[in-house]
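In this chain, numbering begins with 1 at the start of the sequence shown.
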Amino acid sequence: MAIDHAELTTDQVLRRDIPWETYMTTKLISGTALQLLRRYDKKSESQRASLLDDDGPAYVRVFVSILREIFKEETVEYVLALIDEMLNANPKRARLFHDNSLANEDIYEPFLRLLWKGNWFIQEKSCKILALILSARPKNQYGGALNGEASDSKSKVTTIGDVLKGLIDWLCSQLKKPSHPTRSVPTAVSCLATLLKEPLVRSSFVQVDGVKLLIPLITPVSNQSSTALTSSQPNQPSMQLLYETCLCIWLLSYYEPAVEYLATSRCLPRLMDVVKSSTKEKVVRVIVMTFKNLLPKTTFGAQMVDLGMPQIVQNLKSQAWGDEDLVEALNQLEEGMKDNIKKLSSFDKYKQEVLLGHLDWTPVHKDAFFWRENITNFEENDFQILRVLITILDTSNDPRSLAVACYDLSQFIQQHPSGRIIANDLKAKERVMKLMNHENAEVTKNALLCIQRLFLGAKYASFLQA
């Protein structure tokens, strides 16, 4: 029966017997390596732990050497399983890969190569091992050369840029087109949650437009699957996947270029949907910490007000949380929201409503004082808000948004000295005319008002009543 390598487990692989002596005979491993492997292979966990404590870097050298020299799939899987077992038992052993005695070893190259070659078991183990090794790298060396790289070296070695590019490209490829139906996405997100603690990784991830691949994964998970680490259904995310996705977003909220992307995405509404329905404390905590980070940045404060964040915070505060950090973060978020609401002018609120693209008959739209006082604000950024209103007329399927956009456009035409000319220059008339026969009466009424003001001009348009 054929082996399904995609479903192999570490335990299954480690039951194999590998012919180490044959490899020594063919000079693929050295006599010293054979002796080390005989002492280590098939021994108890306590025996292996003792050997790693005494001679850990030597074992790392042997394992990496085998992955570099031997290409037989069963042996590659076996060595990766040995390393995986070693690191799972004690993740701090990842530091062994950075021992000074390995300074001339290119420890990353085999794992980086195996990401793109071999079966899913090999890819998954290589990814997890690479992520752990990178995260264990001494901080003062993170931006420099990798093991084996010297300024006078003539041989090609793996640089930190090579590793990050290769690993992040692979992680993004798994999020776009998974190799495994249920494990690719959780594996990729889990590795990112480990790696994005490093500023250099955040920069690389943003540069390849990776942030947008995380947003669709921010989806509420039913409480029934809250204890599952991975979901059995390919399209049904697990609570652990949701938590690690939110953890990635929190880590990215410390990096300004990522924040700029998040501000224009559906990230905030999605996080709010999750936090409203989640009872998992660690998920709520990481989302609230993200909100706290984002509140003072770009347009997030105004968006939070518009999306009803103050009420959400009140609801969360009324629940009995055991985590003191979460309670403190909620209090800080509440105070930050209060300060933000005080600072927001009516035009700031209006601007955020328009930029979000979902318009409603909030009081500001029919407030004559608002239009008189703020009409010149519409000139900001080459009439950005006016252009967005016209885009809404072209793209929205929501009758209420279309009706309000027509009304606001008619108000601009009436109140701005050059409103009619500017609106015509931006091709507003063509968009509004298309809505004259809309099936919704509210849309046709406000489209008609807008067209009348476009044709009559400011002098006569004031006689028209909304």
Side-chain angles (χ1 to χ4, degrees), residues 214-215 217-227 237 239-240 242-254 259 262-365 367 370 398 400-401 404:
L214 295 174
I215 307 300
L217 302 177
I218 307 171
T219 306
V221 177
S222 63
N223 290 326
Q224 286 81 359
S225 63
S226 63
T227 56
M239 189 64 76
Q240 183 66 13
L242 174 62
Y243 168 68
E244 290 183 329
T245 302
C246 294
L247 184 60
C248 289
I249 299 296
W250 173 64
L251 291 167
L252 288 165
S253 72
Y254 287 94
V259 169
L262 294 173
T264 59
S265 73
R266 292 282 299 158
C267 174
L268 189 60
R270 281 176 171 272
L271 287 172
M272 291 173 75
D273 285 343
V274 170
V275 86
K276 282 190 288 189
S277 62
S278 182
T279 57
K280 201 72 172 175
E281 194 165 70
K282 68 177 184 179
V283 173
V284 174
R285 181 180 65 243
V286 76
I287 292 177
V288 169
M289 300 294 277
T290 304
F291 288 157
K292 199 178 80 165
N293 274 2
L294 294 177
L295 178 62
K297 297 177 180 177
T298 66
T299 59
F300 277 108
Q303 285 187 49
M304 288 179 185
V305 173
D306 287 340
L307 293 169
M309 178 75 81
Q311 186 58 51
I312 291 173
V313 172
Q314 285 302 313
N315 293 342
L316 289 172
K317 285 191 69 179
S318 68
Q319 298 179 47
W321 303 107
D323 188 322
E324 291 183 5
D325 289 340
L326 172 55
V327 175
E328 177 61 23
L330 281 168
N331 289 332
Q332 292 174 354
L333 186 58
E334 182 181 42
E335 289 305 309
M337 293 296 301
K338 287 177 182 176
D339 292 341
N340 207 269
I341 290 169
K342 289 177 187 175
K343 291 175 187 173
L344 281 175
S345 70
S346 58
F347 188 74
D348 288 326
K349 294 176 185 176
Y350 172 80
K351 184 176 179 180
Q352 291 314 309
E353 185 184 349
V354 173
L355 291 175
L356 286 169
H358 300 289
L359 305 180
D360 205 346
W361 291 114
T362 51
V364 71
H365 295 279
D367 182 351
F370 166 80
D398 174 36
R400 179 61 54 83
S401 292
V404 176

(request) With sequence neighbours left out, write down each residue that passes ring-ring contact (aromatic ring centres under 6.0 Å, His included) with F300, or none if nothing qualifies. (result) none
(request) Enter the distance from K317:NZ to L326:CG here, rounded to the nearest 0.5 Å. (result) 11.5 Å
(message) Would M309 and F291 count as a side-chain contact (heavy atoms from CB on, under 4.5 Å) here? Give the steps.
(response) CA-CA 10 Å; M309 178 75 81; F291 288 157; 3.5 Å; yes
(message) I'd like to check the side chain to side chain donor-acceptor pair (under 3.5 Å) partners of D323; sequence neighbours left out, ordered by chain and number.
(response) R285
(request) Sequence neighbours left out, what passes side chain to side chain contact (heavy atoms under 4.5 Å, CB included) with L356? Give chain and number order. (result) Q303, D306
(request) Would you give the length of the straight line joining atom CG of L295 to atom OG of S253, rounded to the nearest 0.5 angstrom? (result) 12.0 Å
(request) Please confirm whether the backbone N or O of A263 pairs with a side-chain atom of K297, one donor and one acceptor, at under 3.5 Å? (result) no
(request) Could you please spell out the steps behind the side chain to side chain donor-acceptor pair (under 3.5 Å) verdict for K280 and Q240? (result) CA-CA 10 Å; K280 201 72 172 175; Q240 183 66 13; over 6 Å; no
(request) Under the salt bridge (Lys or Arg N to Asp or Glu O under 4.0 Å) rule, collect the residues that match up with E335, sequence neighbours excluded. (result) K338
(request) Step through it carefully: locate the ring centre of H365, locate the ring centre of Y350, and say whether they are under 6.0 Å apart. (result) yes
(request) First locate atom CG of L307, then atom CD of Q352, and finally report the distance between them rounded to the nearest 0.5 Å. (result) 10.0 Å
(request) Name all residues meeting the salt bridge (Lys or Arg N to Asp or Glu O under 4.0 Å) criterion together with E328; count only those two or more places apart in sequence or in a different chain, and write none if there are none. (result) none
(message) Which residues pass the side chain to side chain donor-acceptor pair (under 3.5 Å) test with D325, not counting sequence neighbours?
(response) none
(request) For the pair S401 (side chain) and H358 (backbone), establish whether a donor and an acceptor sit closer than 3.5 Å, ignoring hydrogens and angles. (result) no
(request) Quick one: list whatever passes side chain to side chain donor-acceptor pair (under 3.5 Å) with D367, sequence neighbours left out. (result) none
(message) Using side-chain contact (heavy atoms from CB on, under 4.5 Å), reason through T219 and L242 one step at a time and then give a plain yes or no.
(response) CA-CA 7 Å; T219 306; L242 174 62; 5.8 Å; no
(message) Could you work out, with side chain to side chain contact (heavy atoms under 4.5 Å, CB included) as the rule, every residue matching D360, not counting sequence neighbours?
(response) E353, R400
(request) With sequence neighbours left out, write down each residue that passes side chain to side chain contact (heavy atoms under 4.5 Å, CB included) with P296, or none if nothing qualifies. (result) none
Would you give me the side-chain donor-acceptor pairs under 3.5 Å for residues 267-276, sequence neighbours excluded?
| residue | atom | partner | partner atom | Å |
| --- | --- | --- | --- | --- |
| R270 | NH1 | I218 | O | 3.2 |

(request) Please step through side chain to side chain donor-acceptor pair (under 3.5 Å) for the pair N315 and Q319, ending with a clear verdict. (result) CA-CA 7 Å; N315 293 342; Q319 298 179 47; over 6 Å; no
(request) Give the C-alpha distance, both sets of side-chain angles, the deciding distance and a yes or no for side-chain contact (heavy atoms from CB on, under 4.5 Å) between L294 and M304. (result) CA-CA 10 Å; L294 294 177; M304 288 179 185; 4.1 Å; yes
(message) Checking E324 now: which residues fulfil side chain to side chain contact (heavy atoms under 4.5 Å, CB included) with it, not counting sequence neighbours?
(response) none
(request) Only counting residues at least two apart or in another chain, list the ones meeting side chain to side chain donor-acceptor pair (under 3.5 Å) with W321. (result) none
(message) A side-chain contact here means heavy atoms from C-beta on lying under 4.5 Å apart; do L262 and I215 qualify?
(response) yes
(request) Verify side-chain contact (heavy atoms from CB on, under 4.5 Å) between L333 and L316, making sure each step is shown before the conclusion. (result) CA-CA 11 Å; L333 186 58; L316 289 172; over 6 Å; no
